[in-house]
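Accompanying notes for the structure given below.
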Amino acid sequence: MLKISEGVYWVGAIDWNLRFCGSYTTPRGTTYNAYLVIDEKIALIDTVKSGFEAEMLERIKEIIDPAKIDYVICQHAEADHAGAMPELMKIIPQARVVATPACKDIISEHFPMSRAWNIQTVKTGDQINLGQKTLRFIQTPMLHWPDNMVTYLKENGVLFSNDVFGQHIATNQRYDDEVGQPVVEEATKYFAVIVSLYSSLVQKKIKEIEEMALGIKMIAPAHGVIWREPGKIIDAYKRWSSGVAGRKVTIVFDTMWHSTEKMAGEIARGLMAENVEVRVFNLRSSDWSEIIKDIIESRMILVGSPTLNMGMYPTVGGFLTFLKGIKPQNKKSAAFGSYGWGKGAVKAITEELVKMNFQVLDGLEIKFIPDREELQTCFQFGKKLAQEV
Ligand code: FEO
């Protein structure tokens with residue numbers, strides 16, 4: 001039994017072996033966090049993924065008879081949080097499901113049996129009184145689905161934030177300060193891949209919530225661990241969503257006969273000579289979700305490809321498609337690559353970088369294998385780019 005605050009319990013499930021979720025890799029697994037709030041009335045905030053119903057119900061049974069639950073607060077209808085609802089609602093058909101209007105629509109699409117459920121829709125500012133405790137709802141549309149909302153438990157100062165502020169990490173610890181750096185890494189990756197596309201909405205919503213002066217003491221997301229120092233993750237979200245980054249450059253490339261790889265190495269050396277933090281990824285052997293995490297923390301992205309059939313490598317094209325969907329803000333970029341008898345990759349990459357609204361700098365092309373002098377050109381190219389970060 002894990003009590004996280006007076007009358008509030010974590011009753012979620014741990015998915016130790018999840019290795020892919022939605023659009024990205026989850027090497028550390030994840031958790032599906034459900035929370036039980038005990039008062040004169042009993043509320044369950046979110047459920048778990050289908051297949052984990054028994055684990056959640058066992059945790060609830062350690063505290064109360066699940067049949068006594070009065071409210072199921074469905075903050076988001078995606079299957080990893082609402083998937084257990086059909087099984088749960090068989091036990092508590094009388095319970096009231098609380099959701100935003102958009103969430104109600106998605107519930108009805110996902111679960112045809114939900115027509116028999118008693119669903120109450122709520123909007124920002126609505127409250128439910130449980131007795132001594134009050135649940136206040138705040139809609140957070142497009143963070144990251146149209147249906148999302150967060151719930152504030154006023155008397156305890158706990159913000160149940162659903163996907164926002166989450167991290168995919170499976171651990172027996174339940175608080176960020178118990179885990180440390182891996183949580184920060186996973187939270188960064190989570191923001192980068194799931195939330196960053198909606199950065200402007202993040203900025204507006206954080207401002208709106210700060211203006212409510214709620215006095216948040218704890219943030220309990222639906223994945224990973226709980227933030228006992230809310231300011232830490234709120235400040236990180238402000239920073240990431242503004243596009244502000246350190247003096248760091250991420251270089252991604254693919255290579256045919258190692259010429260573009262050699263260029264990447266020398267460009268990196270040039271940047272490092274100017275004390276710029278650098279990360280270099282071969283797209284063929286790297287985890288693309290990890291790369292996105294580093295890009296969010298970088299001021300500049302360099303993309304390298306050999307010319308193949310007058311264009312870029314398919315791996316590079318695929319990665320740029322992934323990146324275009326995520327739309328990182330306020331980045332500088334440039335393309336580089338080797339070619340044989342005809343150019344094409346650098347031009348094609350540059351066009352894609354322009355479409356992403358990056359500030360695109362002149363690229364660098366080398367014919368066939370870079371010789372000593374051309375490697376020096378790459379090194380100087382890196383040094384020159386260092387002035388831009
Ligand atoms: Fe949007 Fe964790 O589901």
Side-chain angles (χ1 to χ4, degrees), residues 10-35 44-53 55-56 72-88 97-111 114 137-151 159-171 174 176 183 185-199 201-202 205 219-227 233 237 240-241 289 292-293 322 325-327:
W10 177 80
V11 290
I14 305 176
D15 193 346
W16 298 98
N17 289 297
L18 185 78
R19 293 293 174 264
F20 196 80
C21 180
S23 61
Y24 82 99
T25 52
T26 52
R28 291 179 166 118
T30 196
T31 66
Y32 311 111
N33 298 338
Y35 301 94
L44 178 69
I45 299 182
D46 290 325
T47 69
V48 295
K49 189 177 175 180
S50 62
F52 291 84
E53 295 91 343
E55 189 174 333
M56 176 185 75
V72 178
I73 313 299
C74 182
Q75 301 192 103
H76 175 35
E78 196 164 8
D80 49 343
H81 307 295
M85 284 182 67
E87 286 304 308
L88 177 70
V97 175
V98 178
T100 63
C103 189
K104 183 183 177 184
D105 288 347
I106 298 173
I107 288 172
S108 70
E109 297 280 348
H110 282 187
F111 311 118
S114 69
F137 307 105
I138 303 165
Q139 289 171 278
T140 52
M142 295 321 296
L143 297 176
H144 68 127
W145 273 24
D147 63 326
N148 280 91
M149 69 172 179
V150 299
T151 303
L159 181 72
F160 300 98
S161 64
N162 193 259
D163 276 328
V164 180
F165 305 128
Q167 342 86 43
H168 284 311
I169 185 164
T171 166
R174 293 271 59 83
D176 69 295
V183 172
E185 287 171 16
E186 291 301 330
T188 312
K189 186 160 71 167
Y190 192 99
F191 175 88
V193 180
I194 306 248
V195 186
S196 71
L197 171 61
Y198 308 108
S199 285
L201 295 176
V202 170
K205 192 52 70 174
I219 292 179
H223 293 293
V225 294
I226 294 162
W227 302 94
I233 189 64
Y237 263 56
W240 294 328
S241 60
S289 312
I292 298 293
K293 171 173 81 68
F322 187 38
I326 287 163
K327 288 190 174 63

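We number each residue from 1, following the sequence as shown. As the structure lists them, so they are numbered: ligands from 1, and atoms in each ligand from 1. Everything quoted here is computed from the prediction, not taken from an experiment.
Residues passing the side-chain hydrogen bond (donor to acceptor under 3.5 Å, both in side chains) test with Asp163 are His76, His81, His144, Tyr190, His223, sequence neighbours excluded. Every residue two or more places apart in sequence or in another chain was checked for a side-chain hydrogen bond (donor to acceptor under 3.5 Å, both in side chains) with Lys293, and none qualifies. With sequence neighbours excluded, no residue satisfies side-chain hydrogen bond (donor to acceptor under 3.5 Å, both in side chains) with Thr140.
For the ring-ring contact (aromatic ring centres under 6.0 Å, His included) test with Phe160, the passing option among Trp10, Tyr35, Phe165 is Tyr35; the others fail.
Ring geometry for Tyr24 versus His168: interplanar angle of 30 to 60°, hence tilted. Taking the six-membered ring for Trp and thresholds of 30 and 60 degrees, Trp240 and Phe191 have ring planes inclined between 30 and 60 degrees apart.
Under 2.8 Å from atom 2 (Fe) of ligand 1, one finds the following protein N/O/S atoms: Asp80 OD2, His81 NE2, Asp163 OD1, His223 NE2.
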